[in-house]
Amino acid sequence: MNSPNPALVTHRAAQRLPRLALFLFCAAYVIPGVFGRDPWKNADITAFGNMVGMAEGRSSWFSPALGGLPSDAALLPYWLGAAFVKLLGPMLGAPLAARIPFALLLVLALVLTWYSTYHLARTDAAQPLPFAFGGEAKPIDYARAIADGALLALIATLGLLQLGHETTPELAQLASVSLFLYGMSAMPMPGIAPKLAVMLALPALAASGAPAVAVALGGVGTLVCWRSDRPTGLQFLPWVIGSAVLAVVIAWMLGAWEWRAVRYESGDQVIATLKLLVWFPWPAWPLAFWTVWRWRHHLLHRHLAVPLGCVAVSVVTCIAMAGQDRALMLSLPALAVLASFALPTLQRSTAAAVDWFSVFFVCVCAFLLWGVYISLQTGFPATPAANVGRRLDGYASSFSLLALIIAAVGTLAWIWLVRWRTGRNRHPLWKSLVLPASGVALCWLLLTTLWLPMLDYARSYRPLVDRIARHVPKDQCVNGWALPRSLIAALEYMGGYQVDAITAPAMSRCDYLLRIESAGNPRASLAGWTLVAREQRPSDREELAAIYRRNPTR
C-alpha cells in the first residue's frame with residue numbers, strides 16, 4: 001500500500017501568480033539579448049553562419065557547409081533560421097531575423113513546461129491530502145499554482161540563461177523535449193493534442209541533431225505507458241512507439257547518426273563534469289532532489305516518473321559526452337517540473353534560506369553590473385573602467401538612454417519584489433521561487449542593456465574581422481585550412497570573404513591564408529607565403545590570427 005501523499009496545501013496557498021506579472025517575468029527573460037547585438041562566439045555564430053549561408057545561396061539547404069566544411073545534421077533548426085533570414089532579413093537584418101524563431105522556441109519551452117506541470121499536478125496521485133474539516137486547495141487552483149512554480153523554477157535555472165538566448169540547434173532540441181514532456185503529461189486528456197505532440201516531438205528532436213536522445217526518450221515513454229495502471233496508457237503506447245520509429249527513420253535519412261560519447265582523459269574532466277552538474281541546473285536540482293525524497297513512495301506515478309525519465313536521459317547523455325552542457329540543458333524543463341512538486345512540502349526555514357541566498361547573490365551581481373557601468377560612463381570610480389580598458393583593447397564606451405531606462409525600471413521592479421516577498425505574503429506555493437527567478441531575469445536584463453556594447457565587443461568576431469579587413473580586401477578568397485568553424489562563419493558573413501577550408505594551403509587557389517597561432521609561440525612562416533600581419537580579438541590574449549599572402553609566381 002502506498003504511503004500518503006506528502007502535500008498539504010490550503011486554499012490560500014493555491015493562489016495563482018497574477019497573469020500580468022507572469023507575462024512580464026517571461027518578457028523580461030526572453031526579450032533582452034534579442035536586439036542590438038552580433039552573433040557571439042562560438043556556437044552562436046557557427047549556427048548562424050549555416051543559416052545565413054543557406055538563405056544567401058552559398059550552401060545547400062540539404063547539406064549546409066561553412067567554407068566547404070559540411071556541418072552537422074541539425075537541418076530542422078537551420079531551415080527555420082534560414083527561412084526567417086530570407087523572409088525578414090532585408091527588413092530587420094540577418095542576425096535579428098534568425099534570432100526571432102529561436103526566441104519563440106524559448107517561449108514555447110516555457111509554455112510547454114507550464115502546461116506539462118499543470119496536467120501532471122491534476123492527476124489523482126499528485127493531489128494534496130484533503131483536510132478533515134475542509135479548506136484544502138481545489139484541484140485546478142493547486143495545479144495552476146504548481147505550474148506557476150515550475151515556470152519560475154525554469155527561469156531561475158542558471159544554465160538556461162546564456163544557452164537559451166543563442167541561435168543554436170539546441171534550442172530546437174529543448175523545445176522538442178518540452179513537447180514530448182507535454183505529450184506524456186497530458187496523456188489522459190481527450191483529443192488529439194497529446195498524441196500529436198508526442199508524434200511531432202521525437203522526429204523533430206532527431207531532425208535537430210539529437211536522434212539518440214529521441215530514441216532514449218521513446219524508451220522512457222514506452223516504459224511509462226506499459227506500466228500505467230490506466231487504459232489510456234496502453235492506448236497511448238502505439239503513438240510513442242510510432243514517434244520513436246519515425247525519429248529513427250528521419251535520422252537515417254538525414255545522416256544524423258554520430259557517435260558523440262567521449263572518454264574521460266583525466267580527473268580534471270571528471271571534476272569539471274561534477275561542477276557542471278552542480279551549478280548548471282541550480283536552483284532546480286536541490287528542489288528536485290527534495291521532491292524525490294519526500295515523494296519517494298510515489299516514484300512510479302506519472303507525475304514523477306515522466307519528468308524523472310526525461311532528466312535521467314539528459315544527465316546520462318551529458319556524462320557520456322564528458323560534461324556537455326548543451327546535453328544537460330535538455331533536462332531543465334523536466335527538472336523544473338520536479339522542483340515544483342517540492343513546493344508544497346518545503347518548510348518555512350528552507351524557503352527563507354532560498355530567499356536570502358537569492359537576495360545576496362542578486363545584490364552582489366547587480367552592484368557589480370551597475371558599478372562597472374557607472375565607472376565607464378562617469379570615470380568614477382576609476383578602477384573598473386581601467387580594468388575594462390586593459391582587457392578590451394580599443395573599446396570605446398557608448399551611452400544609450402533607452403538601455404539606462406530599461407535597466408533602472410527592471411532594478412526598481414526587483415527591489416519592489418524583494419519588499420513584497422519579505423512582507424507578509426507567505427501563502428502562495430510559488431513564493432519561494434519569485435526572488436530566484438526575478439533575480440536571474442534582472443541580471444540578464446542588466447547584462448543585455450548596461451553591458452551589451454561591452455559584451456558585444458568582447459564576444460563578437462566583428463572587431464577581429466575589421467582588423468583583418470585592413471590587410472585583406474573584401475571579396476577575396478581566403479584559405480581557412482584548420483580554422484575553427486566559428487571564425488569561418490564570421491569571415492563569410494561579416495567580412496564578405498570566400499573561405500576555402502577544405503583545401504591544403506599548398507593546393508589552394510586563394511591568394512590569402514589565415515591561420516590561428518599561439519600568442520606566446522607564433523609558428524614559422526609557410527613556404528610560398530609571406531606574413532602580412534598578426535591580429536587578435538580584443539578580449540583574447542592567447543590566440544593570434546596570422547594573415548599571409550601568396551608569393552607571386554615568376
Side-chain angles (χ1 to χ4, degrees), residues 38-75 78-79 81-86 89-90 93-98 167-168 460-517 523 525-537 540 543-553:
D38 283 326
W40 286 344
K41 184 187 177 183
N42 286 312
D44 197 20
I45 182 67
T46 303
F48 171 75
N50 283 297
M51 297 168 198
V52 76
M54 294 162 68
E56 294 177 353
R58 287 186 278 106
S59 67
S60 167
W61 284 63
F62 290 95
S63 54
L66 291 172
L69 290 175
S71 300
D72 56 36
L75 289 185
Y78 291 157
W79 287 341
F84 271 76
V85 169
K86 203 165 185 64
L96 176 56
T167 309
T168 58
S460 171
Y461 271 113
R462 190 172 296 277
L464 176 60
V465 173
D466 289 343
R467 293 180 178 186
I468 293 172
R470 301 171 188 167
H471 313 284
V472 183
K474 197 172 184 180
D475 298 327
Q476 285 290 314
C477 177
V478 176
N479 183 266
W481 179 261
L483 284 183
R485 292 175 187 265
S486 55
L487 182 53
I488 295 171
L491 290 170
E492 288 186 336
Y493 173 70
M494 297 175 178
Y497 299 115
Q498 305 169 40
V499 182
D500 176 14
I502 59 174
T503 308
M507 305 295 295
S508 176
R509 61 181 176 83
C510 299
D511 291 329
Y512 289 88
L513 165 68
L514 192 69
R515 66 176 183 173
I516 297 299
E517 300 179 353
R523 291 189 286 181
S525 298
L526 291 171
W529 299 84
T530 300
L531 178 67
V532 176
R534 287 188 173 98
E535 299 286 359
Q536 64 183 165
R537 290 176 62 242
D540 193 342
E543 292 182 347
L544 296 171
I547 306 163
Y548 293 84
R549 184 179 182 126
R550 185 187 297 276
N551 294 335
T553 57

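Since we're looking at a predicted model, the values are computed, not measured. Note that these values count all heavy atoms, side chains included, but never hydrogens, waters or copies made by symmetry.
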Of Arg549, Gln476, His471, the residue whose pairing with Tyr512 passes side chain to side chain donor-acceptor pair (under 3.5 Å): Arg549
Side-chain heavy atoms of Arg485 within contact of Asp72, under 4.5 Å: no
Distance (rounded to the nearest 0.5 Å) between Met494 CE and Leu464 CG: 10.0 Å
Exercise: identify the closest heavy-atom pair between Ala546 and Leu531: CB-CD1, 4.2 Å
Sidechain-backbone polar pair: Asp500 side chain, Asn479 backbone, donor-acceptor under 3.5 Å: no
Any Arg550 side-chain heavy atom under 4.5 Å of Leu513 side chain: no
Check: Trp481 main-chain N/O paired with Arg515 side-chain donor or acceptor under 3.5 Å: no
Given Leu491, Ile488, Val472, the one that forms side-chain contact (heavy atoms from CB on, under 4.5 Å) with Leu514: Leu491
Rounded distance (nearest 0.5 Å) linking atom CG of Asn551 with atom CH2 of Trp529: 9.0 Å
Side chain to side chain donor-acceptor pair (under 3.5 Å) evaluation trace for Tyr493 with Asp38: CA-CA 11 Å; Tyr493 173 70; Asp38 283 326; over 6 Å; no
Heavy-atom side-chain contact between Ser59 and Leu66 under 4.5 Å: no
Separation of Ile516 CD1 from Arg534 CZ (nearest 0.5 Å): 11.5 Å
Between OH on residue Tyr461 and CG on residue Asp466, distance to nearest 0.5 Å: 14.5 Å
Test item: Ser486 and Thr46 side chains (from C-beta on) under 4.5 Å apart, heavy atoms: yes
Donor-acceptor under 3.5 Å (Arg467 side chain, Arg537 main chain): no
Trp79 side-chain N/O to Trp61 backbone N/O, donor-acceptor pair under 3.5 Å: yes
Atom pair CD/CZ of Gln498 and Arg509 - distance to nearest 0.5 Å: 5.5 Å
